[in-house]
Amino acid sequence: MMLATDLQKRFGIPDQVSIVDLAPDYPVININNAHASAQVALHGGHVMSFQPHGHEPVLWLSGSAVFAEGKAIRGGIPVCWPWFADHPSDASLPAHGLVRSQFWELQAVDQLDDGATQITLSIQDTPESRTLWAHAFKLELVVTIADSLRCRLRMTNKDKVNCDYTGALHTYLQVGDISQLKVSGLDGVDYLDKLADDKRIQQQGDITVDAELDRIYTHTDAEVVVNDTALNRKICVQKQGSQTTVIWNPWLDKSAAMTDFEVGGYQHMLCVEAANAVDDIVRLAPGETHVLETRLSVKK
Ligand code: BG6
C-alpha cells in the first residue's frame with residue numbers, strides 16, 4: 001500500500017482533497033468541496049463521514065471506533081461483501097464478508113464540473129481471499145460527494161466460472177433521537193425478523209424504534225425516508241441494484257456488548273442498508289458486472 005504522503009502527492013487537490021494518516025499506516029481521504037465535507041478510509045473502502053454544508057453530519061461514526069488493519073470501522077458505510085451477515089455455510093468465517101477489514105487501493109480522485117468530488121477505490125482477489133471465497137474479482141467503490149452522497153459498488157466477475165454473492169452498503173445514519181424517528185417507505189413490505197428466527201412479517205405503516213430491531217425487508221427497491229423530528233430533517237435513502245433493505249439498531253444491551261460501540265450511541269443511529277441478501281443473490285457470469293448503489297440526501 002502507498003504511504004499517505006505519496007498518496008497526497010499523487011491525488012491531493014489544494015484546499016479540497018488531502019490524504020493523511022488517521023493512525024499509523026492508516027490513510028484517510030479528507031474532502032471539502034463547494035457542497036460538503038467527507039472522510040473516506042482506504043481501509044474497507046469505507047466512507048466514514050459526510051456532511052453537506054449547513055447540515056448536521058449525515059453518517060453516524062462511533063466515538064469508540066477502532067482504526068486498525070483487520071478491524072471493521074464501527075459507523076459510516078461498511079462495505080459488506082461477498083456475503084451479508086454470517087457466511088451461509090461456515091460460521092468460522094468473518095461476518096459480513098472479507099473486504100470491510102482490508103485495505104483498498106485509491107485509484108482516482110476527480111473533480112466534477114458541478115463542484116462535486118469523486119473518489120474511486122478498488123480491491124481485487126488475492127491468494128488469501130481465494131482460500132475464503134474461491135473467485136477472481138474486482139470491486140470498485142465510486143463515491144461522489146456533492147450535496148448528496150452517492151456510493152456505487154461495482155463488482156466484476158474476473159473468473160472463468162459463474163459466481164454468486166450477497167452483500168450490503170451498511171449505512172449508519174446519524175439521528176437526533178431514535179425514539180422520535182418515523183421511517184417511511186416500507187409500508188406493506190414483508191420483512192424477515194432476525195430477532196424472531198427470521199419470521200416473515202408484513203410492515204404496517206411507518207417504522208418506529210423503541211427496542212432492538214434487526215429486519216431484512218425483501219423484494220423492495222423503495223426509497224426509505226428517515227423523518228428525524230429531533231434534528232428537524234429528513235434523510236432520503238435511495239438505491240439501485242438491490243431488492244433488499246436492512247434496518248438495524250442494536251439498542252442498549254447489544255451495543256453495550258460491542259467494545260467499539262460508543263456508550264449511548266444507539267440513541268443516535270439507525271442503519272438503513274442497501275443490500276443483496278436472502279433470495280436476492282447476485283449471480284454473475286464471467287466478465288459480468290453488477291452495481292449496488294445507495295444515495296443519501298438531506299432535507300430540512
Ligand atoms: C446488520 C445485521 O446488518 O449488521 C445485524 O442485520 C448485525 O444482525 C449488524 O448485528 C452488525 O454487524 P457487525 O458484524 O458489524 O457487528
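Ligands are counted one by one from 1 in listed order, and the atoms in each one are counted from 1 as well.
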Please name the pair of heavy atoms, one in [X] and one in [Y], separated by the smallest distance, quoted to 0.1 Å.
X: Val175; Y: Leu231; result: C-CD1, 4.1 Å
X: Gly241; Y: Leu292; result: O-CD1, 3.8 Å
X: Gln202; Y: Gly188; result: NE2-O, 3.2 Å

What residue and heavy atom of the protein are closest to [atom], and at what distance?
atom: atom 11 (C) of ligand 1; value: Trp248 CH2, 3.5 Å
atom: atom 12 (O) of ligand 1; value: His96 NE2, 3.4 Å
atom: atom 1 (C) of ligand 1; value: His170 NE2, 3.3 Å
atom: atom 14 (O) of ligand 1; value: Arg100 NH2, 2.9 Å

What atoms of ligand 1 come within less than 4.0 Å of a heavy atom belonging to [X]?
X: Glu273; answer: 1 (C), 3 (O)
X: Phe84; answer: 3 (O), 6 (O)
X: Lys194; answer: 2 (C), 6 (O), 8 (O)

To which of Leu213, Asp214, Val246 does the heavy atom nearest atom 8 (O) of ligand 1 belong?
-> Asp214

Nearest-0.5 Å distance that lies between atom OG1 in Thr117 and atom CG in Asp110 | 9.5 Å

Is Leu59 linked to Val246 within one hydrophobic cluster, defined over Ile, Leu, Val, Met, Phe, Trp and Tyr using a side-chain heavy-atom separation of less than 4.5 Å?
-> no

Look at the side-chain heavy atoms of Ile, Leu, Val, Met, Phe, Trp and Tyr, link any pair under 4.5 Å apart, and say whether Met258 and Tyr172 land in one connected group.
-> yes

Between Arg74 and ligand 1, find which residue part has any heavy-atom pair under 4.0 Å and reply side chain, backbone, both or neither.
-> side chain

Hits for side-chain contact (heavy atoms from CB on, under 4.5 Å) against Ile13, two or more places apart or cross-chain, chain-then-number order -> Gln16, Val17, Val109, Gln111

